[in-house]
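Numbers restart at 1 for each chain; the letters A, B, ... are given by sequence-line order, proteins then strands.
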Number of protein chains: 2
Amino acid sequence: MRSPARRATSADVARAAGVSRTTVSFVLNNKPGQSIPEETRRRVLEAARSLDYRPHASARSLAAGRSDVVLLSISQLPIPANISRFAEECATTLAERGLTMVLHLDVQGRPLADVCASVDASAVVAMGDLPPETTAALRRTGVAVVLSVGGDSAAAHRDVGRLQAEHLIERGHRRLGYALAGQRVPRAMASEQLLGVEEACAAVGAEPPTVLSVAPRPADAARAVALWRDRSVTAVAAYNDETALAVLAGMRELGLTAPDDLAVIGADDIRAASLVTPPLTTVAFDLSNAARHLAEVVASALAGGEARPAEVSSGPRVVRRESA
Amino acid sequence: MRSPARRATSADVARAAGVSRTTVSFVLNNKPGQSIPEETRRRVLEAARSLDYRPHASARSLAAGRSDVVLLSISQLPIPANISRFAEECATTLAERGLTMVLHLDVQGRPLADVCASVDASAVVAMGDLPPETTAALRRTGVAVVLSVGGDSAAAHRDVGRLQAEHLIERGHRRLGYALAGQRVPRAMASEQLLGVEEACAAVGAEPPTVLSVAPRPADAARAVALWRDRSVTAVAAYNDETALAVLAGMRELGLTAPDDLAVIGADDIRAASLVTPPLTTVAFDLSNAARHLAEVVASALAGGEARPAEVSSGPRVVRRESA
DNA sequence: ATGAAAGCGCTAACAT
DNA sequence: ATGTTAGCGCTTTCAT
């Protein structure tokens with residue numbers, strides 16, 4: 001009947017180092033404005049290490065009034081590849097600042113505020129838009145920082161759309177189509193991107209794109225393709241690579257091939273993009289800069305600064321392959 | 001200069017309802033063995049609602065000795081579609097039991113135990129294997145329940161492999177290949193699946209599969225394909241759909257087509273599988289039953305029961321398309 | 001430079 | 001049936 005292996009507390013560390021708990025707290029959090037002799041500091045650190053001490057998160061945040069948990073709320077499912085990468089980068093950067101980021105799949109019928117309260121998050125960043133009332137609820141729950149990326153404030157997706165259209169236009173196309181994903185998708189993201197396409201068209205005096213929604217099924221896509229060709233569209237920009245793949249499949253069903261019968265450009269650069277025939281031209285966006293930037297914003301906001309929604313630019317670039 | 005909008009505490013609720021904090025705690029957690037009159041209960045609930053009261057997670061877990069946070073640790077990146085769905089289902093089921101599940105991307109050079117400590121998780125389930133020392137560290141950190149799915153204990157992937165091979169064998173193939181993903185992947189998952197393939201081969205007296213690793217690049221895949229054909233392999237089972245897509249791309253590079261020159265079967269049924277040419281035959285596995293089951297195990301373990309690693313079966317089935 | 005002491009908001013014996 | 005009380009482990013002001 002062995003003892004329950006109680007976890008080491010700061011009192012244990014204090015005892016082992018022969019100092020008070022206050023001192024332990026000071027050195028472990030290296031509180032500024034204290035002048036702790038190197039020797040003492042060393043003893044404390046050593047004691048903590050040897051006891052494998054980890055502060056009890058709940059006690060810590062109860063006392064301090066804020067946790068160091070950041071919640072990243074994702075509302076797209078399955079989680080797109082670039083968002084995974086974004087999340088990873090965010091987590092890493094935040095970790096460097098002593099913060100812990102975890103993901104939440106915002107697809108269950110459960111108020112975001114509930115989840116935040118349960119994990120005691122002190123910041124939440126949402127991919128996509130956040131309804132104002134949700135933001136308010138979050139604030140009321142005690143979440144200090146609420147940010148959303150890819151929402152209205154993010155110019156990133158507009159750039160993606162612009163790039164897609166510019167690439168197509170450069171290759172001589174004048175009548176463009178835009179393929180909306182036939183599934184639930186953050187409205188703002190899609191419409192920003194479309195806006196970018198429209199701007200690029202307008203810039204060269206071309207007609208606005210013919211917007212069609214295409215579900216990820218060859219048959220559905222074929223219908224859309226036929227429609228575009230009726231309207232003498234010669235190139236289409238798709239909301240994302242999966243949608244672009246669907247368009248390609250639709251074309252195949254009609255015996256058409258890209259880019260000659262219809263040029264197609266996607267967005268995301270998912271793995272499959274380079275594995276199909278013809279390999280899909282797409283706009284890759286590297287969210288990792290954005291992620292690092294965002295993480296900094298969150299961290300400094302939490303540290304007392306202001307939470308400016310941060311123009312998150314993703315530095316999109318076209319990856320030219322063969323479909324356009 | 002308005003007040004900081006302090007969050008309502010259980011004391012506020014008690015005051016509003018005209019009872020003690022103990023009573024509030026009892027009715028809010030509906031503690032068994034107490035006989036609270038309906039009237040009192042109603043008053044408390046009403047007060048809580050009107051104050052938009054949410055228990056402070058850290059205070060609660062500090063006092064109770066355990067949080068209701070469950071961490072799902074994922075080590076594959078990008079997050080595969082079926083794992084997203086699995087996670088969603090888990091979260092939903094756990095929520096019904098009052099638990100909150102969040103995701104952790106286990107790819108940063110940060111000990112899992114650290115993260116658990118930071119979010120004060122009382123259970124962690126890992127997709128894939130967990131090194132024994134990690135498990136030990138977790139335990140030491142105070143994590144009550146440690147489970148891993150897709151690890152040694154999960155027969156699920158073996159079934160996937162068996163199904164792949166059986167499908168191929170049924171269609172007359174006797175010399176099989178197996179395509180390992182050319183990237184970091186949970187060892188156990190891959191080897192379980194491979195084991196399934198081997199078993200199915202053995203069952204009909206066929207030679208064991210020729211295992212080759214293929215990176216997600218057409219050129220690399222082409223090399224593998226050539227090798228298989230040298231060895232008179234006529235069909236290959238791939239670790240997942242992306243790998244299968246790569247094989248298909250490699251074949252195309254060699255002017256070969258599936259299933260005639262080489263039959264290919266994937267696993268996962270990702271969206272792109274149905275959008276390529278030829279449409280990819282694959283094994284779909286619905287992890288949602290598994291998820292619900294797992295959630296139950298976690299919940300009851302947390303409630304005092306034992307944490308049996310749970311035979312998580314995913315009910316895989318082959319989705320026959322045209323590549324095999 | 002270090003320590004004593006007072007909470008943070010909650011739960012759970014124990015009393016009434 | 002409800003209230004009193006004592007912590008949970010930590011941070012932080014105020015003394016020393």
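Under the salt bridge (charged side-chain N to carboxylate O under 4.0 Å, His left out) criterion, the residue pairs touching residues 11-25 of chain A are A/Arg6-A/Asp12, A/Asp12-A/Arg15, with sequence neighbours excluded. Every pair tested for salt bridge (charged side-chain N to carboxylate O under 4.0 Å, His left out) that includes a residue from residues 60-74 of chain B fails, sequence neighbours excluded, so the list is empty. Annotation: salt bridge (charged side-chain N to carboxylate O under 4.0 Å, His left out) contacts involving residues 117-126 of chain B, sequence neighbours excluded, are absent. Residue pairs meeting the salt bridge (charged side-chain N to carboxylate O under 4.0 Å, His left out) criterion with at least one member in residues 94-105 of chain B, sequence neighbours excluded: B/Arg97-B/Glu296.
Applying the side-chain hydrogen bond (donor to acceptor under 3.5 Å, both in side chains) criterion to A/Ser118, with sequence neighbours excluded, gives A/Arg110, B/Thr100. With sequence neighbours excluded, the residues that form a side-chain hydrogen bond (donor to acceptor under 3.5 Å, both in side chains) with B/Ser288 are B/Asp286. When the side-chain hydrogen bond (donor to acceptor under 3.5 Å, both in side chains) test is applied to B/Asp268, the partners found at least two apart in sequence or on another chain are B/Asn82.
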Pairs under 3.5 Å (N/O, protein and nucleotides 14-16 of chain D):
none

Quick one: which protein N/O atoms are closer than 3.5 Å to N/O atoms of nucleotides 6-10 of chain D? Pair and distance per line, please.
| from | atom 1 | to | atom 2 | distance (Å) |
| --- | --- | --- | --- | --- |
| D/dC8 | O2 | B/Ala63 | N | 3.2 |
| D/dG9 | N2 | A/Ala59 | O | 3.3 |
| D/dC10 | OP1 | A/Tyr53 | OH | 2.5 |
| D/dC10 | OP1 | A/His56 | N | 3.4 |
| D/dC10 | OP2 | A/Ser10 | N | 2.5 |
| D/dC10 | OP2 | A/Ser10 | OG | 3.4 |
| D/dC10 | N4 | A/Arg21 | NH2 | 2.5 |

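Taken to the nearest 0.5 Å, the OG1 atom of A/Thr135 stands 10.5 Å off from the CZ atom of A/Arg140.
Proximity of A/Thr23 to the phosphate of C/dG3: a side-chain N or O atom is located under 4.0 Å from OP1 or OP2. Contact annotation: A/Lys31 does not reach the phosphate of D/dT11 (side-chain N/O to OP1 or OP2, under 4.0 Å).
Atom CG in A/Asn30 sits roughly 15 Å away from atom C1' in D/dT11 (whole-Å rounding).
Residue contacts shown for A/Thr40 are limited to sugar-phosphate atoms, with no base heavy atom under 4.0 Å away.
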